[in-house]
Structure formats: structure tokens, C-alpha cells
There are 2 protein chains.
Amino acid sequence: MSMARPRSTQAHEKVLNAALELFAERGIETTSMDAIAQASGVSKATIYNHWTDKEALLLEAMLMIHGLDREPEDVDTGDIQRDLTTVLTRKPPDKCDAVRNRLTPSLIAYSAFHPEFGREWRHRVTEPPRQCIKRILRRGISRGQFPADLDIESAVALLLGPMLYAHIFNKEDPSRKPDLGPISAANFWRAHSQNRKDRVAEQGIKKPTPRSKER
Amino acid sequence: MSMARPRSTQAHEKVLNAALELFAERGIETTSMDAIAQASGVSKATIYNHWTDKEALLLEAMLMIHGLDREPEDVDTGDIQRDLTTVLTRKPPDKCDAVRNRLTPSLIAYSAFHPEFGREWRHRVTEPPRQCIKRILRRGISRGQFPADLDIESAVALLLGPMLYAHIFNKEDPSRKPDLGPISAANFWRAHSQNRKDRVAEQGIKKPTPRSKER
DNA sequence: AAACTGAACTGAACCGTTCAGTATTGTTTT
DNA sequence: AAAACAATACTGAACGGTTCAGTTCAGTTT
């Protein structure tokens, strides 16, 4: 009934940290449990006492590093453009950020070949910021600042894609690393904002300015 | 001096094809040479006669599938917008395309942890289309259709990023899979085109830039 | 004569399990 | 309060069974 000795949270965290570091440095599939045990200083037997699987460990490690920064997810200053920029520029604490970024390529591949894990990753990690952006976009539409027929799903890709791209392809090239967050936001804003100075109508329903957006 | 029996190009290609298929289906690191031998119908001894390494095989397979579509890399119809859209929409033959797309996540991860291979991948595969886009952008700048201070590197990320993003994150969600090529091109065009009268009403975030500056 | 096959083989790594011994905790008794 | 106890966690090392990259080789085909 009474647990005589509680699990050492110290050991638990040491393992998680070591696992994250190794996953980020050498990749998920190529990091062995023995390596994690050795790096963490926790015996492998104990690791398998805390987690059933390598995948279970990976899952908790991933949720841990992506859950450390539970910021107020929503942003609404009234200025849609500013909100967009804020969300795209938002970054986790420096320490996390490095690990998270180095982890991304592995997660992309691992998720591609482990659909279950992939769903979890997208659902728990990549979806929240997406939702945040979607809310802002919908607000923009209802305020008439974006066209009513804006495809939100495509818009999210337009906003976030450039950052992902830069992260993957400009990694080795230190010459080209401007922060794409504000750039991408500005790019999108200039392309879709209907807030021209001759049009100040704020009420949402307006005649859609005929955009030859095809289709 | 003269080889009594030439290497079977048939075997060579069977191995390459089988390797590509397996790499795409199960990932690079988790595909064994034995599996490739069995799937190709070529004995493992022969495979190691044709390639020194698993990595050598991977490299040639990658170059093969990305070299099959040597199209006229350059596009210049005079209409910058059309050229951009064309390049972003351009696709390899259907057969290749499926394999290439499924291969991408693995290549991202493998390149992240094998810098040498990564350089080769970027240089031989991802760089050519980038260069093509850059040429178009420079042409647009020199013709005054884009602002002279446009950061080309960021612009490429703005154009290609959304497609990469959609490819990675919208894979499992069949509801939203519009072709982002034209959308991304239109998005960029609307944000940066300077000499269209449908955009002059935009409030001047950008100052009227001076004439073309050579780079 | 060289390329092929099929099969065996090496050496190393891997995951996950087991186990005897030890350390650390909560509980009970003195 | 101190000592004894019971229950559990941890260690370190080993082990089984598998998988892998790469090699070797006797025999077959071209």
C-alpha cells in the first residue's frame, strides 16, 4: 500500500535530459538505450523500470521539452499584424530552443515512419501554435482585414513554412540566418491585408474585392 | 586489361530501384543491405562489388532519382510572375515524384547527422532549383518589379518554405492538400511586386526604391 | 577472366530481461 | 526518540536473441 521508496525524480530527469541531448546530437534511431544509460549515469535496469520502451522514453522526452514553455497561448492586442508577428517571433527559452531545433530533423523522419508517434507529435506539439495562428487569422477575416475566402490552412503553411525551410536548409550556412518570423509575417500581411487607407470600413461583411485568386 | 565480363547494368539498376523504394518506404537507417539484396534479386556480394558502402549506394540512388528530370533549368518568358509560378509548380514525372516525396523526411534527418552527405544533398539536389528561383528574382529586381533591397535568400525561403511545410505536415491530412506552388508564388508576388497598379494603393511600408542596383 | 550467386561467417551493436547485491525510504516496534 | 523492519528503488553486470554492415568463398555464368 505504502510505497517504501519513491522513484527518484532526480534519476528520471537525468535520463530525460541525457536522452534529449543524445537524440538531438546523434538522432533518435541511432541512439541506443545503453548510450542513454551511460550518459545519464542511471543504470539501464532503472530506465526500463521507469519506461516500458525506448519509444515511451522518447515520447515523454518530447512532451517534456515542448511543454516547458507553456506561455499564454493566445494573443489579442487588437492589432492583427502585430499579433501575427508576435506569435511567429515567439521563442522558447534559449536552452530548450537549441535542443528543440536540433531535434526537429529526427522528429520529422521518425514521425514519417511511425505514424502513431507522428500523430502524437503533431497533435501535442505542432498543433497548438497552428491553432493560435488560425484564431488570429479568423479574427482578421471577421474584422474584414483579410478576404473572407482566405484559405486558412494554406495561410498557415505560408506563414510557418519559411521558418521551417530556413531551419532545415540554412543550418550550415551562417551567412544567411535572418529571423524569418517577422519577415514571413510581413510578407503575408502585405499580400493579404485589405486594410488600405481608402477603405476603412470595419464592419466585416463587405463586397469581396475581386481577387483573381483563380478558381 | 580489358574486362572479360562487364558489370551487369541490369543488376546495377535493379539495386538502385529497390534501394530507393525501400529507403522511401521504411527510412534509410532502418533499411538493411540484406533487405535491398532480397528486394532487388541481386546478391549482396554483388552489391558490395558495385558499391563500397551503404552510403555510396544511397548517394548514387539519390543522385539518380534527382537527376532523371534534367529539364531546361531556366525559364524566361518575360513575365516574371508567370516564371515564378512555373518554377514552383514544376514537377518531376509522377513515378519519381512519389518516391522523392516519401524520401524527403529521411534525407532531412540523414543529412542532419551526416554533414558530408548533407552538403552533397543540398549542393546537388536542392541548390539547382534555388538558383533558378534566384535568377528569376534578380531579373525581377533589375527590371524594377521587385524592390532593390529585396533579400534574395529570405525570398527563396518565403517561396519554397510553404511547400516543404505542407509536404511534411499535411501528409496525413487529406482534407487540405491544395497545391501550394501557385499559392506561394501569388502570395509572394502580391507582397513584393512594385509596378502593378492593383498594388499601388497599398500603404507605403516600402519606400519607393531607387533604381536597380547590381549585386 | 571477370562478374555473378548463394550461403556462410565475423564482429559488433542493439533491445530488453534478469538477478544478486546495495541503498534509500516509510512504518512499526521498542 | 532510537532501533528494527519491510518494501521498494537502484546498481552493475551479464545474457539471450536479434539485427546489421561488410567479408569470404566455392561454384556458376557470361
Side-chain angles (χ1 to χ4, degrees), chain A residues 1-62 106 109-110 113-114 116-117, chain B residues 1-62 106-107 109-111 113-114 116-117:
Chain A
M1 204 55 143
S2 59
M3 289 200 287
R5 182 181 171 185
R7 277 182 178 155
S8 161
T9 61
Q10 224 179 42
H12 203 80
E13 283 169 12
K14 279 200 295 183
V15 172
L16 286 175
N17 291 332
L20 277 175
E21 180 56 37
L22 288 177
F23 287 154
E25 181 172 356
R26 298 158 35 174
I28 294 171
E29 315 246 32
T30 55
T31 293
S32 72
M33 294 298 269
D34 294 87
I36 295 172
Q38 187 173 355
S40 66
V42 175
S43 88
K44 196 164 65 152
T46 298
I47 297 181
Y48 275 99
N49 183 354
H50 284 235
W51 296 273
T52 72
D53 246 346
K54 184 181 178 179
E55 187 159 318
L57 170 57
L58 167 62
L59 187 63
E60 185 174 338
M62 183 193 71
S106 259
Y110 195 86
F113 301 111
H114 299 77
E116 209 163 333
F117 182 89
Chain B
M1 208 49 117
S2 61
M3 289 198 288
R5 180 183 171 182
R7 275 179 177 157
S8 161
T9 61
Q10 224 179 34
H12 202 81
E13 283 169 12
K14 280 199 294 183
V15 172
L16 287 175
N17 290 332
L20 276 176
E21 180 54 37
L22 288 177
F23 288 155
E25 182 173 355
R26 299 160 34 173
I28 293 170
E29 315 244 32
T30 54
T31 293
S32 70
M33 295 298 270
D34 293 87
I36 295 173
Q38 187 172 355
S40 67
V42 175
S43 90
K44 198 162 68 149
T46 299
I47 294 181
Y48 277 99
N49 183 1
H50 284 234
W51 295 274
T52 71
D53 240 315
K54 184 181 179 179
E55 188 159 318
L57 170 57
L58 167 62
L59 187 64
E60 185 174 338
M62 183 194 72
S106 260
L107 286 179
Y110 195 88
S111 293
F113 302 111
H114 299 76
E116 207 163 336
F117 182 89

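Below, all heavy atoms of this structure are taken into account, side chains as well, without hydrogens, waters or symmetry copies. Chain letters run A, B, ... following the sequence lines, proteins first, then strands; residues in each count from 1.
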From [atom1] of [X] over to [atom2] of [N], roughly how many Å is that when rounded to an integer?
X: A:Tyr48; N: D:dA9; atom1: OH; atom2: C1'; value: 18 Å
X: A:Ile36; N: C:dG16; atom1: CD1; atom2: C1'; value: 13 Å
X: B:Asp53; N: D:dC20; atom1: CG; atom2: C1'; value: 14 Å
X: B:Trp51; N: D:dT23; atom1: CH2; atom2: C1'; value: 18 Å
X: A:Asn49; N: C:dC15; atom1: CG; atom2: P; value: 18 Å
X: B:Gln10; N: D:dT30; atom1: CD; atom2: C1'; value: 13 Å
X: A:His12; N: C:dT24; atom1: NE2; atom2: P; value: 20 Å
X: B:Ile47; N: C:dA7; atom1: CD1; atom2: C1'; value: 15 Å

So if I take every side-chain heavy atom of B:Ser32 and compare against D:dA21, C:dC4, D:dA9, which nucleotide ends up nearest?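 Output: D:dA21.
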Check: Picking from D:dG12, C:dA3, C:dT5, which would you name as closest to the side chain of B:Arg7?
Finding: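 Nearest to the side-chain atoms of B:Arg7, counting from C-beta on, is C:dA3.
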- Presence of donor-acceptor pair under 3.5 Å, side chain of A:Lys44 and base of C:dG16: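 Result: at least one qualifying N/O pair found.
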Donor-acceptor pair under 3.5 Å, A:Arg5 side chain vs D:dA9 base: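 A donor-acceptor contact between them is present.
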field: Whichever of B:Thr52 and A:Thr9 has its nearest DNA chain D nucleotide further upstream toward 5'
entry: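 By nearest-heavy-atom nucleotide position, the 5'-most residue is A:Thr9.
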Here's a test of your reading of the structure: between A:Thr46 and A:Asp34, which maps to the more 5' nucleotide of DNA chain D?
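That would be A:Thr46.
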Notebook entry, point to check: Say you draw a straight line from CD of A:Glu55 to CD1 of A:Ile28; how long is it, rounded to the nearest 0.5 Å?
Noted result: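 Reported to 0.5 Å precision, the distance equals 9.5 Å.
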- Item | From B:His12 atom NE2 to B:Asn17 atom CG, the distance as rounded to the nearest 0.5 Å |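 Interatomic distance, B:His12 NE2 to B:Asn17 CG, rounded to 0.5 Å: 10.5 Å.
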Practice task
Quick one: label A:Lys54 by what it contacts on the DNA or RNA (base, sugar-phosphate, nothing), any heavy atom closer than 4.0 Å.
Solution key: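 It contacts sugar-phosphate atoms only.
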Open item on the list: Base, sugar-phosphate or nothing for B:Thr31? Non-hydrogen atoms, less than 4.0 Å.
Closed with: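 Since only primed, P, OP1 and OP2 atoms lie under 4.0 Å of B:Thr31, the category is sugar-phosphate.
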- Report the C-alpha distance between A:Val15 and A:Trp51 in whole Å, list the side-chain angles of each, state the deciding distance to 0.1 Å, and finish with yes or no for side chain to side chain contact (heavy atoms under 4.5 Å, CB included). CA-CA 10 Å; A:Val15 172; A:Trp51 296 273; 3.5 Å; yes
### Message
Within a 6.0 Å radius of atom CD on B:Gln38, are there more than 12 heavy atoms belonging to other residues, nucleotides or ligands?
### Response
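It does not: B:Gln38 CD has 12 such atoms or fewer within range.
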Exercise. For B:His50 and C:dA3, is the shortest distance between a side-chain N/O and OP1 or OP2 below 4.0 Å?
Worked result: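 Checking C:dA3 against B:His50, no side-chain N or O comes under 4.0 Å of OP1 or OP2.
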Verify the contact: side-chain N or O of B:Ser8 to OP1 or OP2 of C:dA3, cut-off strictly under 4.0 Å; return yes or no.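 No, B:Ser8 has no side-chain N/O under 4.0 Å of OP1/OP2 on C:dA3.
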*Show your reasoning for whether side chain to side chain contact (heavy atoms under 4.5 Å, CB included) applies to B:Thr30 and A:Glu29.*
CA-CA 8 Å; B:Thr30 54; A:Glu29 315 246 32; 3.6 Å; yes
Legend entry - Residue mapping more 5' on DNA chain C - nearest nucleotide basis, B:Gly41 or A:Ala35: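 Nearer the 5' end of the strand: B:Gly41.
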